[in-house]
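Contents: one structure, followed by commentary.
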Amino acid sequence: MQVLLDYLIGHPTYTIPLWKRCIDVLAASILILLLSPLFLIIAILIKLESPGPIIYRAKRVGQGYRTFDFYKFRSMRPNADQLLKGLKHLNQYEQQQPAEKADDVNYEDHILLLQDDGFIGEGAFLHQKAQKDGNTFVKIENDPRITRIGHFIRNTSIDELPQLFNVLLGDMSLVGNRPLPLYEAEKLTQDEWVARFAAPAGITGLWQVTERGKADVSEDGRKKLDIEYAHRYSLWLDLWILWRTLPAAIQKVQV
């Protein structure tokens with residue numbers, strides 16, 4: 001709650017701690033230099049398979065609700081965003097949330113809100129909004145929007161490598177909470193979830209090394225891990241997460 005209040009009142013600038021920033025710049029510079037031949041090969045393969053840009057660039061929301069340009073190797077077809085609406089029923093997070101029956105909802109409608117067509121109870125309004133907004137995160141198994149080279153670079157996490165440039169620019173850190181698309185971040189302004197934005201945005205994080213890839217991970221479970229990292233992050237926790245990330249990345253490349 002305090003993060004949101006501070007942001008609304010004073011628009012403070014949340015900064016990455018100096019120790020974290022030094023590690024980020026040094027590590028990202030070395031990795032970009034070492035991986036530059038791989039960057040070139042992946043760029044050629046992407047361009048040969050389908051038309052469109054090599055780098056996927058989109059707006060993301062990171063620490064302190066700051067918006068920035070987020071970079072990845074393009075792994076989807078050029079019209080992937082338009083195709084998403086027709087694939088909503090395949091979202092694993094949505095399938096985990098059973099629809100509530102109207103009779104089971106305990107409304108507290110003593111507070112009335114004014115709408116264009118009259119008054120509505122606050123509880124009913126919040127329930128309608130939740131039903132309309134749907135789930136925050138999107139995860140589709142065997143996503144048909146992904147290209148052949150896209151499957152490979154996603155399974156090996158190579159598609160994430162251009163985010164090293166985001167790290168150099170200071171938009172992200174090596175370790176943190178994943179930056180969210182605008183429509184996802186918009187839904188995480190409630191008191192219980194807003195704390196996740198107190199942590200730097202990161203390439204890898206607590207969720208990736210503990211729950212990623214598990215089919216039964218819930219949306220709320222992912223949010224709670226983000227908040228836990230925001231409250232606990234330190235040099236030692238970051239080193240532990242990086243230690244857990246490296247074996248997983250190497251194993252994926254060998255597959």
Side-chain angles (χ1 to χ4, degrees), residues 16-39 41-42 55-56 58 60-63 68 70-75 92-93 137-139 141 146 149-181 184 196-219 221-255:
I16 298 174
L18 181 60
W19 63 265
K20 196 171 178 62
R21 184 71 185 134
C22 290
I23 294 173
D24 287 341
V25 172
L26 179 61
S29 300
I30 294 173
L31 288 171
I32 288 173
L33 181 63
L34 293 177
L35 296 171
S36 54
L38 177 62
F39 281 27
I41 293 171
I42 296 299
I55 299 295
Y56 172 76
R60 290 290 187 269
V61 179
Q63 187 177 28
F68 62 91
F70 172 86
Y71 305 119
K72 293 181 71 172
F73 279 123
R74 180 172 61 84
S75 60
Q92 291 183 20
Y93 287 116
F137 302 115
V138 177
K139 180 181 179 183
E141 188 175 1
I146 303 175
I149 183 63
H151 279 291
F152 171 73
I153 63 177
R154 278 177 166 235
N155 289 337
T156 56
S157 296
I158 291 174
D159 64 321
E160 310 280 0
L161 292 179
Q163 290 159 46
L164 291 170
F165 291 99
N166 283 121
V167 173
L168 276 184
L169 292 171
D171 300 323
M172 297 175 61
S173 177
L174 291 176
V175 182
N177 290 333
R178 290 299 291 169
L180 300 180
E184 292 185 1
R196 80 172 303 280
F197 294 101
I203 296 178
T204 186
L206 191 58
W207 171 73
Q208 284 88 342
V209 301
T210 56
E211 299 294 339
R212 187 177 184 179
K214 295 182 180 180
D216 59 346
V217 59
S218 69
E219 183 179 355
R222 177 174 170 178
K223 295 174 189 174
K224 288 175 181 176
L225 285 171
D226 288 347
I227 292 172
E228 180 181 350
Y229 178 77
H231 289 157
R232 291 179 50 208
Y233 79 88
S234 65
L235 172 61
W236 305 115
L237 180 58
D238 278 16
L239 291 176
W240 179 81
I241 291 173
L242 288 172
W243 178 258
R244 292 285 300 269
T245 300
L246 289 174
I250 294 172
Q251 184 178 10
K252 283 185 175 183
V253 172
Q254 290 176 343
V255 171

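Small disclaimer: the values here were computed from a predicted structure and weren't measured.
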Suppose we screen for side-chain hydrogen bond (donor to acceptor under 3.5 Å, both in side chains). Which residues come up paired with Gln63, at least two apart in sequence or across chains? none
Student check: side-chain heavy atoms of Pro181 and Phe70 closer than 4.5 Å: no
Are the side chain of Asp24 and the backbone of Leu174 linked by a donor-acceptor contact shorter than 3.5 Å? yes
When you compare the side chain of Leu161 with that of Leu38, does any pair of heavy atoms fall below 4.5 Å? yes
Do Lys224 and Trp207 come close enough that some side-chain heavy atom pair is under 4.5 Å? no
Output every pair passing salt bridge (Lys or Arg N to Asp or Glu O under 4.0 Å) with a member in residues 162-175, not counting sequence neighbours, ordered by first then second residue. Arg66-Asp171
Shortest non-hydrogen contact from Pro200 to Ile16? CB-CG1, 4.1 Å
Is the side chain of Gln208 donor-acceptor paired with the backbone N or O of Gly205 at a distance under 3.5 Å, no angle test? yes
With Ala58 via side chain to side chain contact (heavy atoms under 4.5 Å, CB included) - residues at least two apart: Tyr56, Arg60
Whether the side chain of Asn177 engages the backbone of Arg196 through a donor-acceptor N/O pair (distance < 3.5 Å, no angle test) should be reported. yes
Out of curiosity, Asp226 CG to His231 NE2, how far, rounded to the nearest 0.5 Å? 11.5 Å
Inter- and intrachain pairs under ring-ring contact (aromatic ring centres under 6.0 Å, His included), touching residues 16-39, at least two apart: Phe39-Phe73
Interatomic distance, Ile153 atom CD1 to Ile146 atom CD1 [nearest 0.5 angstrom]: 9.5 Å
Atom CG of Leu206 and atom CZ of Arg244: how far apart are they, to the nearest 0.5 Å? 9.5 Å
I'd like to check Val175 versus Ile203 (side-chain heavy atoms, cut-off strictly below 4.5 Å). Are they in contact? no
Verify whether one side chain among Asp159 and Ser75 offers a donor that lies under 3.5 Å from an acceptor in the other. no
Compile the donor-acceptor pairs under 3.5 Å between side chains in residues 235-242 and protein atoms, sequence neighbours left out, one pair per line.
from, atom 1, to, atom 2, distance (Å)
Asp238, OD1, Tyr229, OH, 2.7
Asp238, OD2, Lys20, NZ, 2.2

Does a side-chain heavy-atom distance below 4.5 Å link Val61 with Phe197? yes
Got a sec, which residues hit salt bridge (Lys or Arg N to Asp or Glu O under 4.0 Å) with Arg21, two or more places apart in sequence or on another chain? none
Can you tell me how far apart CD (Gln163) and OG (Ser173) are? Round to the nearest 0.5 Å. 12.0 Å
Between Arg178 and Gly202, is there a donor-acceptor pair closer than 3.5 Å when you use the side chain of the first and the backbone of the second? yes
